[in-house]
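One structure is given below, encoded as structure tokens.
All values below were derived from every heavy atom in this structure, side-chain atoms included, with hydrogens, water molecules and symmetry-related copies excluded.
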Amino acid sequence: MGDGQVSPKEYWIWLQYALGAGARVDEILAQYGSPEKIYYAGSRDWRLSGVFKADTISRLLKKSPSETYSVIKECEENGWHIITPDDEYYPDGFKNLTNFPLVLYVWGDPEVLKHQVPISIVGTRYASVYGKKIATALAASLSKAGALIVSGGAKGIDSCAHIGALNAKGKTVAFLGCGLKSNYLIENLELRKLIAKNGAVVSEYTPQTEPTRFAFPIRNRLISAMSLGTVVIEAGEKSGSLITARLALEQGRDVFAVPGDIVSSNFKGTNRLLREGAKPVFSALDVLEEYVFEFADRLNLENTGELIIDNSVSTDIPKVSYESNTAARKSVKINRTAEKQQNSAQITFESAAKENPQSKPTAPEGLSECAMQIFGFLSDTPISTEEILSKSSFPSSEVLTALTELEFSGAVKVFPGGLFSV
């Protein structure tokens with residue numbers, strides 16, 4: 001801390017700073033036990049351990065745990081909680097991830113992260129009136145029944161999911177792809193304030209971190225892992241919400257989808273999920289009946305089988321003049337790049353690779369060095385993320401980022417179970 005003493009949280013922040021969000025950390029912590037033990041093992045032991053790459057060691061050496069006190073101080077000044085894997089409020093759903101978050105920054109009530117029936121609702125940022133009303137009404141119905149609504153705090157379906165929970169006086173959690181202090185998506189600041197008062201706004205990035213095009217797909221693994229099931233509403237073929245659905249399948253979670261217009265491009269991704277086995281949702285009951293036997297004491301299914309949309313559903317933020325907040329929208333130049341990049345992500349859910357191999361396509365221009373290396377040893381036969389990590393000479397955090405980069409560019413196919421091919 002500031003008096004020379006280093007707290008356990010500072011070691012966690014130091015390690016996450018060095019490895020980066022989304023890095024594979026299970027092997028490292030399994031070998032050493034804690035970030036503090038990693039720190040005191042020293043660089044010679046790190047090199048001999050076989051679990052650290054050279055550039056990772058370099059990053060570990062560049063920062064001291066005591067330097068992260070400024071992050072703790074900023075959180076204390078703003079009333080934000082710092083949750084690490086050894087805290088009581090750390091979500092159970094994260095503990096089995098190979099790339100579980102080392103630090104969570106929480107604006108609101110951290111206790112909500114231990115809710116027994118979290119359900120995520122995701123979908124396009126550019127939602128239709130139909131999609132918005134469905135998301136709002138479904139979230140409200142799920143909340144009234146006793147579920148926690150989880151989403152990403154973005155515009156469109158995400159916002160409506162949070163608003164539905166707030167309208168029902170329920171709890172909701174928003175996972176961000178940037179730091180809590182970032183001005184990204186300033187239009188939703190009032191909504192985030194309401195979420196923090198009735199749940200929590202959560203990020204694994206230090207408070208001042210601005211969004212990047214890779215941050216949102218990395219963030220999505222937390223939305224799906226936190227939840228028992230993920231409901232996709234209005235997702236096009238290249239919607240970032242399909243990343244969340246794919247991650248949910250890999251994590252052994254349930255995937256649901258609301259049927260949409262079969263001729264609308266806005267619903268192509270959603271309808272494809274249904275074709276590939278996602279459970280169709282027409283009411284909250286379709287979701288909750290999967291969990292009622294396990295959580296009978298937590299759920300009330302009365303009226304959850306009713307039609308989930310009507311003309312009375314409001315998608316406005318409760319008690320906040322959201323649409324009239326033009327001054328805030330004009331006063332800050334919004335960084336739209338990360339938002340557009342996420343929506344350009346291309347995810348395919350094909351049941352099997354083609355049996356007849358074809359000539360390998362040319363790599364897209366502008367790929368990072370790590371992405372080029374991975375593309376070089378991929379073929380039309382799917383291989384696992386673990387195999388890719390073992391073949392690559394780059395750190396695991398860079399490999400995972402490069403895989404996301406390849407997904408964005410449409411250069412790879414992604415299969416259930418974390419398999420990749422060209």
Gln208-Glu74 side chain donor-acceptor pair, cut-off 3.5 Å: yes
query: Is there a side chain to side chain contact (heavy atoms under 4.5 Å, CB included) between Leu249 and Leu247 once you walk through the steps?
result: CA-CA 5 Å; Leu249 289 173; Leu247 290 169; over 6 Å; no
message: Quick one: does any side-chain atom of Ser283 pair with a main-chain N or O of Thr304 as donor and acceptor, under 3.5 Å?
response: yes
query: Between Lys171 and Asp109, is there a side-chain N and carboxylate O pair less than 4.0 Å apart?
result: no
- request: May I ask you to say whether Lys73 pairs ionically with Glu76, meaning some side-chain N is under 4.0 Å from a carboxylate O?
  value: no
query: Below 4.0 angstrom, N of the basic side chain to O of the carboxylate: do Asp92 and Lys114 qualify?
result: yes
query: Hey, is the main chain of Ala18 close enough, under 3.5 Å, to the side chain of Arg59 for a donor-acceptor pair?
result: yes
field: Atom of Pro85, atom of Leu102 and distance for their closest heavy-atom approach
entry: CD-O, 3.1 Å
- prompt: Of all heavy-atom pairs between Ala411 and Phe375, which one has the smallest distance, and what is that distance?
  reply: O-CE1, 3.7 Å
Residue Gln31 excluded, over 12 heavy atoms near CD under 6.0 Å: yes
- request: Measure from the side-chain N and O atoms of Gln16 to the backbone N and O of Val103, and report whether any donor-acceptor pair falls under 3.5 Å.
  value: yes
- request: Using modelled atom types only, decide if a donor and an acceptor are shared between the side chain of Arg125 and the backbone of Ala154 within a distance under 3.5 Å.
  value: no
field: More than 12 heavy atoms from other groups under 6.0 Å of CD on Glu369
entry: no
task: Mind running side chain to side chain contact (heavy atoms under 4.5 Å, CB included) on Asn188 and Arg192 for me, showing each step along the way?
output: CA-CA 6 Å; Asn188 267 10; Arg192 292 197 291 274; 3.7 Å; yes
message: Checking the side chain of Arg221 only, and the main-chain atoms of Ile218 only, is there a donor and an acceptor separated by less than 3.5 Å?
response: yes
message: Please check this pair: side chain of Ser182 against backbone of Gly179, looking for a donor-acceptor N/O pair closer than 3.5 Å.
response: no
field: Donor on one side chain, acceptor on other, Ser392 and Gln373, under 3.5 Å
entry: yes
- prompt: Among side-chain atoms of Ser241 and Thr244, is any donor-acceptor pair under 3.5 angstrom?
  reply: no
task: Kindly state whether the ring of Phe100 and the ring of Phe94 have centres lying under 6.0 angstrom apart.
output: no
field: Asn78 versus Trp107, side-chain donor and acceptor atoms under 3.5 Å
entry: no
- prompt: Within the side chain of Asp158, is there an N or O that forms a donor-acceptor pair under 3.5 Å with the backbone of Lys155?
  reply: no
field: Charged N-O contact under 4.0 Å between Lys181 and Glu210
entry: no
- prompt: Any donor-acceptor pair under 3.5 Å linking the side chain of Thr172 with the backbone of Ile149?
  reply: yes
message: For Thr136 and Asn167, which I'm curious about, is there any donor-acceptor pair between the side chains at under 3.5 Å?
response: no
query: Within the side chain of Glu234, is there an N or O that forms a donor-acceptor pair under 3.5 Å with the backbone of Ser128?
result: yes
task: Could you please spell out the steps behind the side chain to side chain contact (heavy atoms under 4.5 Å, CB included) verdict for Leu378 and Ile383?
output: CA-CA 8 Å; Leu378 287 178; Ile383 62 174; 3.8 Å; yes
- request: Could you go through the side chain to side chain contact (heavy atoms under 4.5 Å, CB included) check for Thr230 and Phe256 one step at a time?
  value: CA-CA 6 Å; Thr230 294; Phe256 306 85; over 6 Å; no
- request: Without swapping roles, check the side chain of Ser34 against the backbone of Lys37 for a donor-acceptor pair under 3.5 Å.
  value: yes
query: Between Phe216 and Tyr184, is the gap from one ring center to the other below 6.0 Å?
result: yes
